[in-house]
Number of protein chains: 2
Amino acid sequence: MLKYQQIAAEIEQYINQHDLKQGDKLPVLEQLMSQYAVSKSTVTKALELLERRGVVFQLRGSGIFVRRHNRPGYMSLFSTQGFKSNLGDRVLTSDVLDVSVTKPDETVAQNLGIDVTDDVYHVERVRFVDGEVLCHEESYYVKQIVPYLNREIVADSIFDYVQSALGVTIGFSDMYMQVGRLNATEAGYLGLQADDPTLRIETIFHLTNGKPFDYSRITYHYEHSQFVVQANGPYM
Amino acid sequence: MLKYQQIAAEIEQYINQHDLKQGDKLPVLEQLMSQYAVSKSTVTKALELLERRGVVFQLRGSGIFVRRHNRPGYMSLFSTQGFKSNLGDRVLTSDVLDVSVTKPDETVAQNLGIDVTDDVYHVERVRFVDGEVLCHEESYYVKQIVPYLNREIVADSIFDYVQSALGVTIGFSDMYMQVGRLNATEAGYLGLQADDPTLRIETIFHLTNGKPFDYSRITYHYEHSQFVVQANGPYM
DNA sequence: TACTATAATTGTACCGGTACAATTAATAAA
DNA sequence: TTTATTAATTGTACCGGTACAATTATAGTA
């Protein structure tokens with residue numbers, strides 16, 4: 001683990017342990033430098049990371065402050081999107097409906113940047129938070145990158161497996177979201193009625209080298225899905 | 001304008017002018033350094049900015065590459081949230097329904113971190129993209145921070161006014177989103193039926209010093225609102 | 001007391017450098 | 001030709017430093 005990541009983790013831990021709230025001040029830069037015995041730029045980088053994650057904000061001439069959103073029941077949009085964070089003490093489980101190797105249709109192939117003759121893993125799940133239906137998910141993994149999957153792996157976190165067992169690292173993702181109505185099949189999975197509202201998110205996950213390796217379509221249960229997104233300034 | 005912001009802008013311009021696509025390679029770091037006659041760290045900072053915005057991705061040992069999502073009709077979620085970006089050539093207009101000074105109710109006061117006796121500007125608009133109804137927006141501005149607003153300002157970009165005329169800078173924001181059904185009033189504004197699906201986003205905008213200054217509730221027309229969110233790696 | 005000018009605090013921009021890890025290209029071996 | 005080894009390329013981590021801008025605290029003045 002890199003120094004600045006380590007320090008970021010420790011600072012976050014410090015915030016949690018001391019139960020700091022929105023606006024509370026952290027030790028000044030120079031103290032953090034000596035405390036962790038690293039250079040200024042390393043501390044700065046750690047704080048930058050925390051700033052992006054929405055944990056702190058920095059104010060020149062004043063100090064470093066804790067940033068906290070205080071609305072219970074809202075998950076980070078990214079936490080349900082492969083990135084583990086801010087799920088708190090909620091438990092995420094899955095019913096696996098299908099794990100199989102198939103050929104992608106035209107749309108899937110295009111989103112993954114592969115040919116329709118290439119193999120993909122098809123994974124279909126219903127996901128739960130604390131026992132309540134969260135969403136129905138259908139995703140496609142490029143078999144050339146993810147050569148093996150089974151129901152056990154898929155029941156847990158696929159991303160953890162991919163990163164640790166296969167040694168590939170996830171780089172970035174593009175999420176496309178829209179609101180619509182459920183069809184009968186989807187309604188069945190989610191325990192809702194057809195034509196009920198829903199949030200649909202399609203996501204293309206890329207490796208660090210820019211290659212897409214996972215295309216997923218998620219249909220959310222509109223009553224059990226509330227998301228928070230923390231944005232940083234006009235540069236987003 | 002800061003150097004690294006300037007360089008970021010120029011690099012982005014370069015990408016657009018040369019119509020570079022996903023995966024196309026940019027000049028290497030060292031060349032960018034000499035080309036813009038700045039140090040390595042400045043170029044790095046510019047690229048970091050572009051990476052966060054989803055414009056490029058960097059691959060150690062390999063180079064700097066263009067990152068592009070290629071799905072027309074999707075707006076950046078942040079572009080409709082005060083941050084001007086990625087709206088492309090779409091035209092954003094507004095019907096102003098109300099601009100007035102009032103007292104906040106309990107909820108609004110709490111979200112803005114003020115007292116119910118403090119003054120707020122109440123702004124209500126219906127917003128359009130290329131003439132089509134996008135959303136209904138109701139927002140509250142802390143009058144102590146935004147002392148004056150009128151229909152003209154509000155018809156245009158409030159954020160531009162606040163930043164340029166008042167000299168305050170927007171720092172960060174927390175967005176809370178959920179899916180639900182329209183009530184009769186909202187449906188009227190959006191030209192839809194009651195009980196139609198909708199995306200609701202509440203946002204609290206903070207200044208750089210962490211003080212909330214705008215709390216807004218937006219109700220989106222589900223057929224005209226498709227959003228893209230670009231995420232960067234597991235650190236989000 | 002209230003306001004103003006001044007000084008101390010504190011994070012950010014920017015520079016330049018070394019070491020290194022990941023990728024890719026070049027070379028040698030099978 | 002293919003594969004393994006080596007070397008060149010290229011971005012990232014980390015160091016340390018100077019100058020500066022924004023904030024906050026202090027001292028001075030009316």
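So you know, we letter chains A, B, ... as the sequences are listed, proteins then strands, and number each from 1.
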Item to check | Length of the line joining B/L2:CG and C/dC15:P, which is rounded to integer Å | outcome: 12 Å
Item to check | Nearest-Å distance for atom pair OH/P, residues A/Y4 and D/dT12 | outcome: 9 Å
Checklist entry - Can you list the residues that meet the side chain to side chain donor-acceptor pair (under 3.5 Å) rule with A/T93, with sequence neighbours excluded? => result none
Next on the checklist: If the condition is salt bridge (Lys or Arg N to Asp or Glu O under 4.0 Å), which residues does B/R200 pass it with, not counting sequence neighbours?
Outcome noted: B/E186
Next on the checklist: Under the rule for ring-ring contact (aromatic ring centres under 6.0 Å, His included), what residues qualify as partners of B/Y14, not counting sequence neighbours?
Outcome noted: B/H18
All N/O pairs under 3.5 Å across the protein-nucleotides 5-8 of chain C interface:
none

Next on the checklist: Using 30° and 60° as the class boundaries, would you call the ring planes of B/F213 and B/Y141 parallel, tilted or perpendicular?
Outcome noted: tilted
Checklist entry - Parallel, tilted or perpendicular: which describes the rings of B/Y148 and B/Y121, with under 30° parallel and over 60° perpendicular? => result perpendicular
Checklist entry - Considering all heavy atoms of both residues, which atom of A/V116 and which atom of A/A109 are nearest to each other, and what is their separation? => result CG1-CB, 3.8 Å
Item to check | DNA chain C contacts among residues 56-65 of chain A, heavy-atom distance under 4.0 Å | outcome: A/Q58, A/L59, A/R60, A/G61, A/S62, A/G63, A/I64
Checklist entry - Given that A/Q5 and B/T208 both sit by DNA chain D, which one's nearest nucleotide is further toward the 5' end? => result A/Q5
Checklist entry - Given D/dT18, D/dC14, C/dC14, which nucleotide is nearest the side-chain atoms of A/K40? => result D/dT18
For residues 19-32 of chain A, tabulate all N or O donor-acceptor pairs below 3.5 Å that involve a side-chain atom, not counting sequence neighbours.
residue: A/Q22; atom: OE1; partner: A/R68; partner atom: N; Å: 2.8
residue: A/D24; atom: OD2; partner: A/K21; partner atom: N; Å: 2.8
residue: A/K25; atom: NZ; partner: A/S62; partner atom: O; Å: 3.0

Checklist entry - Taking only residues two or more places apart in sequence, or in another chain, which ones meet A/D118 in a salt bridge (Lys or Arg N to Asp or Glu O under 4.0 Å)? => result none
Checklist entry - Who passes salt bridge (Lys or Arg N to Asp or Glu O under 4.0 Å) against B/R60, sequence neighbours left out? => result none
Checklist entry - Please give, in whole Å, the distance from D/dC14 C1' to A/K3 NZ? => result 7 Å
Item to check | DNA chain D contacts among residues 22-38 of chain B, heavy-atom distance under 4.0 Å | outcome: B/V28, B/L29
Item to check | Residue-level proximity of residues 41-48 of chain A to DNA chain D when a heavy atom falls under 4.0 Å | outcome: A/S41, A/T42, A/K45
Item to check | Main-chain N/O of B/E152 paired to B/D156 side chain as donor or acceptor, under 3.5 Å | outcome: no
Item to check | salt bridge (Lys or Arg N to Asp or Glu O under 4.0 Å) pairs, two or more places apart, involving residues 137-147 of chain A | outcome: A/R125-A/E137, A/R127-A/E137
Item to check | Listed once per pair and sorted, the ring pair (Phe, Tyr, Trp, His ring centres under 6.0 Å) pairs that draw on residues 25-53 of chain A, sequence neighbours left out | outcome: none
Checklist entry - Quick one: does A/S94's side chain have a donor or acceptor within less than 3.5 Å of a partner on A/V96's backbone? => result no
